[in-house]
Enquirer: 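Starting off with a structure, shown below.
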Amino acid sequence: MKAFELYDATTVEQAVGLLEKYGPTSKVLAGGSDLVTGVMKDWVHGPGMPYPEVLIDITTIPDMYGISVGDDGLKIGAATTLSDIVESKEIQQTWPVLSNAAFSVASPLIRNFGTLGGNINQRPRCWFLRGEDFPCYKKGGDFCFAVTGDNTYHAIIGGELCYIVHPSDTATALLALNARTTIASPSGQREVAFDEYFIGPREDVLRENILQANELMVSVQVPTPAANTKMAWTKLKDRQVYDFALTSVAVVATIDGGVWQDGRIVLGGVAPVPWRAEVVEQALVGKDVKSAARAAAALIRNQARPLSNNAYKVDIAVGLTERAVLSLLA
Ligand SMILES: Cc1cc2nc3c(=O)[nH]c(=O)nc-3n(C[C@H](O)[C@H](O)[C@H](O)COP(=O)(O)OP(=O)(O)OC[C@H]3O[C@@H](n4cnc5c(N)ncnc54)[C@H](O)[C@@H]3O)c2cc1C
């Protein structure tokens with residue numbers, strides 16, 4: 001591993017100033033469970049992904065840590081650990097889909113120092129991206145090795161150009177919760193809906209979200225759910241210990257007398273962004289959930305474009321979505 005400079009920022013402004021000063025070779029450091037133990041130690045870099053030379057620790061910024069609940073909903077500092085989110089009684093009670101998604105991340109040890117901001121902004125787990133010998137699009141190369149290589153775990157939806165899947169469980173839940181995030185940049189702070197936050201390879205193959213090199217995520221805001229809101233989280237993994245999602249599904253919906261009023265269904269592990277299954281949501285509006293769930297979930301098949309080794313994920317996505325939607329009736 002190459003030597004790097006480390007700064008302990010104490011304010012958001014200072015962190016952004018350092019990012020601005022050092023440019024794309026500087027990186028925000030939170031728990032470091034992906035950036036240091038993954039990206040840097042595995043030597044993942046290329047012309048489009050410069051090796052980090054300056055790390056700016058944001059866990060030393062008191063303003064970026066903590067969970068608060070007010071009239072307008074929930075606010076979580078981006079440097080808050082996943083364990084703190086899991087243990088929050090208020091989140092368990094009012095936003096259980098987030099609590100359960102955070103609980104399904106990695107292992108207790110990683111959740112103890114892994115942060116919300118780090119989880120949402122972690123880089124993809126594609127084995128070609130993480131392999132030294134593959135100069136793929138994301139590293140500034142001109143090929144996606146998943147197209148001709150082993151693509152067992154790659155995207156089945158929206159994977160043009162590059163076929164990574166978005167790895168974050170909390171991002172999937174937060175998109176279903178219609179959350180927003182506050183971003184700090186040299187010109188100040190702005191709020192962005194998660195609907196606008198994640199970007200696919202066509203928009204920019206070098207990144208997975210709208211953050212520029214001189215910006216950082218400060219906090220996440222989640223609205224208070226309307227009355228009659230039901231939530232579900234389900235995640236299928238290859239093995240029953242800590243692992244990334246083969247597919248996960250987060251559902252947040254209002255249901256009245258068994259009839260779907262309004263809701264958001266988001267799938268993780270299937271696309272380069274947390275993927276909102278609007279086609280399923282629309283098919284459920286005004287319908288009896290119990291009788292409509294199967295046909296609505298099956299509409300995912302029309303959206304899927306699996307690769308040579310991963311058509312099995314289409315079946316999983318359909319089955320898991322039906323199961324998650326039906327679980328709202330329990
Ligand atoms: C063995 C293992 C299993 C895992 N399993 C899962 C899983 O099942 N589900 C899942 O979702 N994740 C999983 N992960 C990923 C893990 O959750 C992340 O590594 C962790 O959440 C990242 O948090 P961190 O604070 O350590 O981030 P860091 O490693 O410090 O940062 C990760 C990335 O986010 C950027 N970043 C961090 N904070 C901010 C911020 N505030 N603003 C802008 N950019 C920021 C960093 O620059 C870096 O690029 C697993 C990881 C491991 C090692």
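These numbers come from a predicted model, not from an experiment. Sequence positions, counted from 1, serve as the residue numbers for this chain. One-based numbering, in listed order, for ligands and for the atoms of each.
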Enquirer: Just to be sure I read this right, does ligand 1 sit under 4.0 Å from the backbone of Ile58, its side chain, both, or neither, counting only heavy atoms?
Expert: side chain

Enquirer: Testing Ile255, Val252, Leu328 one by one against Thr229 for a side-chain contact (heavy atoms from CB on, under 4.5 Å), which residue passes?
Expert: Val252

Enquirer: Kindly identify the option in Met217, Arg111, Gln122 whose heavy atom sits closest to atom 15 (C) of ligand 1.
Expert: Gln122

Enquirer: With a heavy-atom distance limit of 4.0 Å, tell me whether Ala79 approaches ligand 1 through its side chain, its backbone, both, or neither.
Expert: neither

Enquirer: A side-chain contact here means heavy atoms from C-beta on lying under 4.5 Å apart; do Val86 and Thr81 qualify?
Expert: no

Enquirer: Does ligand 1 come near enough to Gly31 that some N or O of the ligand is less than 3.5 Å from an N or O of the residue?
Expert: yes

Enquirer: Going by heavy-atom distance to atom 46 (C) of ligand 1, choose the closest among Thr59, Val28, Leu19.
Expert: Val28

Enquirer: Could you check if a side-chain atom of Ile265 sits within less than 4.5 angstrom of a side-chain atom of Leu284, using non-hydrogen atoms only?
Expert: yes

Enquirer: Applying a heavy-atom cut-off of 4.0 Å, say which part of Val218 lies close to ligand 1: side chain, backbone, both or neither.
Expert: neither

Enquirer: List every atom of ligand 1 that sits less than 4.0 Å from any heavy atom of Ile110, numbering the atoms from 1 in the order shown and giving each element.
Expert: 1 (C), 2 (C), 52 (C), 53 (C)

Enquirer: Select one of side chain, backbone, both or neither to describe which atoms of Lys235 lie under 4.0 Å from any atom of ligand 1, heavy atoms only.
Expert: side chain

Enquirer: Among side-chain atoms of Ser185 and Ser187, is any donor-acceptor pair under 3.5 angstrom?
Expert: yes

Enquirer: Counting both backbone and side chain atoms, is some N or O of Thr115 under 3.5 Å from an N or O of ligand 1?
Expert: yes

Enquirer: Which pairs would a plain distance check flag for residues 134-146, meaning a side-chain donor or acceptor within less than 3.5 Å of a matching protein atom at least two apart in sequence or in another chain?
Expert:
unit_1	atom_1	unit_2	atom_2	d
Lys138	NZ	Val205	O	2.7
Lys138	NZ	Glu208	OE2	2.8
Lys139	NZ	Phe128	O	3.4
Lys139	NZ	Leu129	O	3.0
Lys139	NZ	Gly131	O	2.8
Lys139	NZ	Phe134	O	2.8

Enquirer: Between ligand 1 and Asp169, is the shortest N or O to N or O distance under 3.5 Å?
Expert: yes

Enquirer: For ligand 1, which atoms sit closer than 4.0 Å to a heavy atom of Asp243?
Expert: 7 (C), 8 (O)

Enquirer: Is there a polar contact between ligand 1 and Ala30, counting only N or O atoms under 3.5 Å apart?
Expert: yes

Enquirer: When you check the side-chain N and O atoms of Ser308 and Asn151, is any donor under 3.5 Å from an acceptor?
Expert: yes

Enquirer: Whether the Thr152 and Asn309 side chains hold a donor-acceptor pair (N or O, under 3.5 Å, no angle test) is what I'd like checked.
Expert: no

Enquirer: Hey, is Ala78 touching ligand 1 through its side chain, its backbone, both or neither, going by heavy atoms under 4.0 Å?
Expert: side chain

Enquirer: Counting heavy atoms only, which part of Leu82 comes closer than 4.0 Å to ligand 1: side chain, backbone, both or neither?
Expert: side chain

Enquirer: What about Ile183 and Ile76, same hydrophobic cluster or not, with Ile/Leu/Val/Met/Phe/Trp/Tyr joined at side-chain heavy-atom distances under 4.5 Å?
Expert: yes

Enquirer: If you measure from each heavy atom of Ala101 to ligand 1, is any distance below 4.0 Å?
Expert: no

Enquirer: Hey, looking at atom 29 (O) of ligand 1, which of Leu35, Leu29, Thr181 has the closest heavy atom?
Expert: Leu35

Enquirer: Would a single hydrophobic cluster contain both Leu175 and Val165, if residues Ile, Leu, Val, Met, Phe, Trp and Tyr are joined by side-chain heavy-atom contacts under 4.5 Å?
Expert: no

Enquirer: Heavy-atom distances under 4.0 Å decide this one: backbone, side chain, both or neither, for Pro167 against ligand 1?
Expert: backbone

Enquirer: Are Leu74 and Trp233 in one and the same hydrophobic cluster, where Ile, Leu, Val, Met, Phe, Trp and Tyr link if side-chain heavy atoms are under 4.5 Å apart?
Expert: yes

Enquirer: Should the proximity of Val39 to ligand 1, defined as any heavy atom under 4.0 Å, be assigned to the side chain, the backbone, both, or neither?
Expert: neither

Enquirer: Please determine if Asp34 has a nitrogen or oxygen closer than 3.5 Å to a nitrogen or oxygen of ligand 1.
Expert: yes

Enquirer: Under 4.0 Å from a heavy atom of Ser104: give me the atoms of ligand 1 that qualify, with their elements.
Expert: 8 (O)

Enquirer: Met1: which other cluster members, linking ILVMFWY side chains closer than 4.5 Å, directly or transitively?
Expert: Phe4, Leu6, Leu29, Leu35, Val36, Met40, Trp43, Tyr51, Leu55

Enquirer: Side-chain heavy atoms under 4.5 angstrom apart, residues restricted to Ile, Leu, Val, Met, Phe, Trp, Tyr: same cluster for Leu116 and Val69?
Expert: yes

Enquirer: For residues Asn121 and Asn209, is any side-chain donor paired with an opposing acceptor at under 3.5 Å?
Expert: yes

Enquirer: For ligand 1 and Arg125, I'd like to know whether there is a polar contact (N/O to N/O, distance under 3.5 Å).
Expert: no

Enquirer: Quick one: does Ala245 get an N or O within less than 3.5 Å of an N or O on ligand 1?
Expert: no

Enquirer: Identify, by atom number and element, the atoms of ligand 1 in contact range of Ser168, meaning under 4.0 Å from any of its heavy atoms.
Expert: 11 (O)

Enquirer: Find out if a path of hydrophobic residues (ILVMFWY) with successive side-chain heavy-atom gaps under 4.5 Å connects Tyr153 to Leu236.
Expert: yes

Enquirer: Distance under 4.0 Å to a non-hydrogen atom of Ser33: what atoms of ligand 1 satisfy this?
Expert: 18 (C), 19 (O), 20 (C), 22 (C), 23 (O), 24 (P), 26 (O), 29 (O)

Enquirer: Taking the side chain as C-beta and beyond, is there a heavy-atom pair between Phe244 and Arg125 under 4.5 Å?
Expert: yes

Enquirer: What are the atoms of ligand 1, with element, lying closer than 4.0 Å to any heavy atom of Leu211?
Expert: 43 (C)

Enquirer: Under 3.5 Å, N or O to N or O, is Lys27 touching ligand 1 that way?
Expert: no

